[in-house]
Amino acid sequence: MSALEQLFAAEQFSLPTEARRSLLLAEVNELTCWHEERCPAYANILRASGVRLPLERLEDLPYIPVRLFKNRRLQSIPDEAVFKVLASSGTTSQTPSRIVLDRATAQAQTHALAAIMNTVLQRRRMPMLICDAANVLKDRTAYSARGAGILGMSTFGRDHFYALDDRMELRSDELDQWLAARRGEAIFIFGFTFMVWQYVIQRLLEAQRRIEPHGGLLIHGGGWKTLQEQAIDAATYRHVACETLGVAGVFNYYGMVEQTGSIYMECTHGYLHPSNFSEVIVRDYRTWQPCPQGIEGVLQTISVLPRSYPGHSLLTEDLAVVHGVDDCPCGRKGARFTVSGRIPHAELRGCSDTHARSAVGVGW
Amino acid sequence: MSESSLRDAFQTALQIPAEQITDGLQYNSIRQWDSVGHMALVAEIESRFAVVLSTDEILGLSSFAEAKRILGSHGIECNGESS
């Protein structure tokens with residue numbers, strides 16, 4: 001079995017960091033050569049970095065700023081192999097990233113996401129309540145990252161119901177009917193962090209309503225920035241979500257369109273963990289050396305999935321802290337980390353935050 | 001259950017003419033069978049045949065022929081007429 005096949009075959013979050021890293025290293029060495037041969041811009045970056053292949057440590061893998069995908073289209077496949085181009089969240093005043101996918105990469109992303117989601121959904125396909133408007137999927141030729149995120153997640157639910165109308169108003173009556181028809185069933189609620197809070201939870205609270213406890217889950221992601229400005233922390237969010245949405249568990253995930261599929265899923269103890277397909281390195285923003293545990297730095301994410309574009313090692317615009325390795329009380333192996341915010345002056349982005357800006361009418 | 005019922009499901013969910021539905025019809029080979037169309041197709045198959053597909057089956061449902069095979073594994077034979 002190849003390193004990648006082993007990463008797919010092993011149970012998620014079961015591999016101790018050392019074993020996982022040695023598989024990742026083998027895979028990224030191969031992947032780095034692949035991109036070097038096929039993407040001239042990436043070959044230039046690699047040359048400028050001065051590293052020699054094969055790498056001996058994951059920390060030596062060059063990273064490219066995630067912003068580079070906004071400035072130029074980077075791809076490692078011929079144009080005729082392009083299967084889909086994903087655009088990141090971006091309003092008219094911001095330039096979206098363009099991520100070029102071929103069939104193989106898109107398929108690897110889908111299967112990786114399924115493997116990770118199954119660790120919390122346990123292979124159940126529950127009735128799915130989507131905290132968004134159906135019109136996010138209206139333009140089938142150009143999905144936003146929001147639309148792509150919803151579609152990707154839809155596979156894991158059934159009897160989908162979109163909770164919002166085109167004006168982002170809660171469809172209260174239809175929601176009641178949909179819930180009534182599924183009384184006694186656990187429900188999978190999905191949405192972007194800010195949108196779940198603002199357009200569903202807040203509306204329910206205003207109407208002094210709550211969804212009866214049903215034993216299901218809320219999974220949300222897409223950025224905390226707007227809620228941080230409102231001083232809503234993760235613990236408050238989780239508590240209020242359980243109370244109003246009737247869920248038994250709340251899981252935040254961290255992911256980005258530039259590394260779709262290999263998302264980081266929060267555990268029951270509130271920490272994010274890398275799946276078998278990825279690794280995180282937190283770097284000091286002055287020296288760019290890896291930070292010791294407990295120290296905040298800029299988050300670098302490594303994923304073995306991107307093959308159609310050179311996005312296997314990215315420097316994000318997020319700050320993070322690694323709190324420990326292979327030591328989480330939840331039992332999951334790997335780094336135990338939290339994302340603490342955006343680096344100063346980073347553009348507002350993230351699926352839910354972009355909507356926030358247009359929702360509150362702030363110009364850029 | 002005959003193949004024509006599955007053919008109807010494809011026709012309804014993807015809104016394509018019957019003659020386009022052959023064993024060789026593949027996911028993403030036509031504009032209508034994209035990921036949005038795929039979710040509509042899964043919903044249509046599940047309600048029409050009263051089955052619940054697993055995530056793996058949904059991801060593996062990559063052609064009309066494969067749809068027949070998956071339904072077969074649920075005890076629903078679709079070998080009525082050939083395509």
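Labels below follow one simple rule: chain letters A, B, ... track the order of the sequence lines, proteins then strands, and each chain is numbered from 1.
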Considering all heavy atoms of both residues, which atom of M39(B) and which atom of S154(A) are nearest to each other, and what is their separation? CE-O, 3.4 Å
Could you pull out every donor-acceptor pair under 3.5 Å between side chains of residues 120-128 of chain A and any protein atom, sequence neighbours left out?
{"unit_1": "R123(A)", "atom_1": "NH1", "unit_2": "D56(B)", "atom_2": "OD2", "d": "3.3"}
{"unit_1": "R124(A)", "atom_1": "NE", "unit_2": "L121(A)", "atom_2": "O", "d": "3.1"}
{"unit_1": "R125(A)", "atom_1": "NE", "unit_2": "T155(A)", "atom_2": "O", "d": "3.4"}
{"unit_1": "R125(A)", "atom_1": "NE", "unit_2": "G157(A)", "atom_2": "O", "d": "3.3"}
{"unit_1": "R125(A)", "atom_1": "NH1", "unit_2": "E46(B)", "atom_2": "OE2", "d": "2.5"}
{"unit_1": "R125(A)", "atom_1": "NH1", "unit_2": "L53(B)", "atom_2": "O", "d": "2.5"}
{"unit_1": "R125(A)", "atom_1": "NH2", "unit_2": "G157(A)", "atom_2": "O", "d": "3.2"}
{"unit_1": "R125(A)", "atom_1": "NH2", "unit_2": "E46(B)", "atom_2": "OE1", "d": "3.2"}
{"unit_1": "R125(A)", "atom_1": "NH2", "unit_2": "E46(B)", "atom_2": "OE2", "d": "3.3"}

pair M117(A)-T55(B): side-chain heavy atoms closer than 4.5 Å: no
Measuring from atom CG of D159(A) to atom OG of S47(B), what distance do you get when rounded to the nearest 0.5 angstrom? 9.0 Å
Sequence neighbours left out, cut at 3.5 Å: what donor-acceptor pairs do the side chains of residues 182-189 of chain A make with other protein atoms?
{"unit_1": "R182(A)", "atom_1": "NH1", "unit_2": "W178(A)", "atom_2": "O", "d": "2.8"}
{"unit_1": "E185(A)", "atom_1": "OE1", "unit_2": "R158(A)", "atom_2": "NH2", "d": "2.9"}

